[in-house]
Amino acid sequence: MPELPDVVGFQRYLEATSLHQRVAKTRVNDGRLLEDVTAGRLARCLKGRRLEGTTRHGKYLFARAGEGWLLLHFGMTGDLHYWKGPGTDPDYAQVIFDFENDAHLAYINKRILGKVGFIHDMDGYIDRQGLGLDVLAGDLTGGRFAKLLAGRSGPIKARLMDQSLIAGVGNIYSDEILFQARLHPQTDASDLSADDIQKLYRVMRRVLRVAAGKGGDLGKFPRGYFLPSREKGAPCPRCGGEVTKIVVVGRSGYFCPQCQKPTY
DNA sequence: CGACAAGCCTGGTAGC
DNA sequence: TGCTACCAGGCTTGTC
């Protein structure tokens with residue numbers, strides 16, 4: 001599920017379960033997930049350390065460990081699971097952190113699209129990844145958002161998902177944002193009025209703030225939100241019309257053709 | 001069996 | 001010509 005609200009959920013989960021426990025051992029079951037680190041070096045970097053706190057940027061989660069940061073990225077199918085005492089590793093546990101208190105934190109990833117790493121310079125890493133401001137960052141103002149979008153073209157859905165512009169909006173939430181902003185997903189970014197952009201900004205921030213508050217749990221979303229109806233043929237929560245599927249830059253998007261009319 | 005899936009990355013190209 | 005911005009396709013493997 002991992003989009004930003006889910007990563008916020010993982011962040012809270014990690015904070016609630018896994019801080020301040022000394023790492024005894026790090027086990028890597030699939031090295032393809034490791035980024036710029038070997039299993040041996042990852043284990044050495046963490047051995048004897050405690051996870052002392054977390055930071056998030058877009059869909060990346062960082063946990064402070066000694067002089068560096070454990071980096072977790074969840075791809076499309078990543079998850080975390082913590083347990084105490086003996087017990088078998090969960091299915092698809094690709095990296096497992098065994099703590100000295102006989103507790104364990106598993107980084108789970110069914111497909112191998114994701115990353116686990118260890119870095120010393122978090123800001124440098126974010127920079128090298130080319131990530132834009134976090135979508136919930138305090139310094140992402142409406143004016144700043146407008147500047148980021150200025151001169152951009154292509155479907156607005158694609159621009160919202162462009163992590164180099166703004167980090168954290170993925171395929172699912174771009175649909176919710178565009179629904180609430182009443183914009184057709186194919187609307188060209190260069191066709192948006194200044195008012196459109198400010199509305200988009202406000203909606204985007206609110207959607208992600210609300211969703212992050214619920215840890216990405218669609219069942220807890222307020223009435224009228226689109227995502228619980230994100231399914232071909234489902235009734236639009238606003239007008240009852242038929243939710244329609246569309247492919248935009250290779251990703252499937254869902255929208256209500258009645259509420260989100262194209263601006264030809 | 002093929003199509004598809006919440007992620008990102010790479011390489012090619014259109015257009016300034 | 002050179003650089004960017006944009007996009008198609010790929011990665012991976014489980015599910016429908």
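Residue numbers start from 1 in every chain, and the chains themselves are labelled A, B, ... in the order their sequence lines are given, proteins ahead of strands.
Ion pair A/Asp89/A/Arg27 flagged as a salt bridge, since at least one NZ, NE, NH1 or NH2 atom sits closer than 4.0 Å to an Asp/Glu carboxylate oxygen. Comment: A/Arg56 engages A/Asp134 in a salt bridge, judged by a side-chain N to carboxylate O separation of less than 4.0 angstrom. Using a cut-off of 4.0 Å between Lys/Arg side-chain N and Asp/Glu carboxylate O, A/Lys110 and A/Asp91 are scored as not salt-bridged.
Under the 30°/60° scheme for interplanar angles, the aromatic rings of A/Phe179 and A/Phe226 are found to lie parallel. Note on ring orientation: taking the six-membered ring where Trp is involved, the planes of A/Phe118 and A/His120 are perpendicular (angle over 60°, cut-offs 30° and 60°). Using a 30° and 60° split on the angle between ring planes, A/Trp69 and A/Phe62 fall in the perpendicular class, above 60°. Ring geometry for A/Phe255 against A/His184 counts as perpendicular: the plane angle is over 60°, on a 0 to 90° scale with 30° as the lower cut. Using cut-offs of 30° and 60° for the angle between ring planes, the A/Phe221 and A/Tyr225 rings count as perpendicular.
Taking 4.0 angstrom as the limit, A/Thr77 places none of its side-chain polar atoms (N or O) nearer than this to OP1 or OP2 of B/dG7. Between A/Ser174 and the phosphate of B/dA6, there is no side-chain N or O to OP1/OP2 separation shorter than 4.0 Å. Applying the 4.0 Å criterion to OP1 and OP2 of B/dC9, one finds that A/Gln129 has a side-chain N or O inside that range. At C/dC7, one or more side-chain N or O atoms of A/Arg159 fall inside 4.0 Å of OP1 or OP2 (strictly under the cut-off). Remark: A/Lys232 is not in phosphate contact with B/dC4, judged by side-chain N or O atoms under 4.0 Å from OP1 or OP2. Residue A/Lys59 has a polar side-chain atom (N or O) positioned under 4.0 Å from OP1 or OP2 of B/dC8.
For the pair A/Asn109 CG and B/dG7 C1', the interatomic distance rounds to 9 Å; values are reported in whole Å. The interatomic distance linking A/Glu35 (CD) with B/dG7 (P) rounds to 17 Å, in whole Å. Atom CG of A/Asp162 is separated from atom P of B/dT10 by 15 Å (rounded to the nearest Å). Rounded to whole Å, the distance from OH on A/Tyr173 to P on B/dG7 is 11 Å. Atom P of nucleotide B/dC8 and atom CZ of A/Phe74 are separated by 13 Å, given to the nearest angstrom. At whole-Å resolution of the value, CD1 in A/Ile108 and P in B/dA6 are 20 Å apart. Straight-line distance from the CG atom of A/Asp175 to the C1' atom of B/dA6: 11 Å, rounded to whole Å. The distance between atom CG of A/Leu160 and atom P of B/dA6, rounded to the nearest whole Å, is 16 Å.
Taking only side-chain atoms of A/Val249, from C-beta outward, the nucleotide of C/dA8, B/dC9, B/dA6 with the closest atom is C/dA8.
Side-chain polar atoms of A/Tyr107 and A/Asn109 form a donor-acceptor pair below 3.5 angstrom. In this model, a donor atom of one side chain and an acceptor atom of the other lie less than 3.5 Å apart for A/Gln180 and A/Arg206.
Remark: the separation of the P atoms in C/dT1 and B/dG11 is 22 Å, to the nearest Å. A gap of 22 Å separates the P atoms of B/dA6 and C/dC6, to the nearest Å.
The partner of B/dA6 is absent, by the rule that a Watson-Crick or G-U pair needs both atom distances under 3.5 Å. Pair assignment for C/dG2: B/dC16, on the basis of Watson-Crick or G-U wobble contacts that are both within less than 3.5 Å.
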Filtered N/O pairs between nucleotides 13-16 of chain B and protein, under 3.5 Å:
none

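Contact check of residues 147-157 of chain A against DNA chain C (heavy atom, cut-off under 4.0 Å) returns A/Arg152, A/Ser153, A/Gly154, A/Pro155.
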Task: Footprint string (nucleotides 10-16 of chain C, 5' to 3'): B base within contact, S backbone only, - free, heavy atoms under 4.0 Å - done: -BBBSS-
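When all heavy atoms of A/Ala24 and A/Glu100 are compared, the pair lying nearest together is CB-CG, 3.7 Å. Smallest separation of non-hydrogen atoms from A/Leu160 and A/Val169: O-CB, 3.3 Å. The two residues A/Leu51 and A/Ala63 make their nearest non-hydrogen contact at CD2-CB, 4.2 Å.
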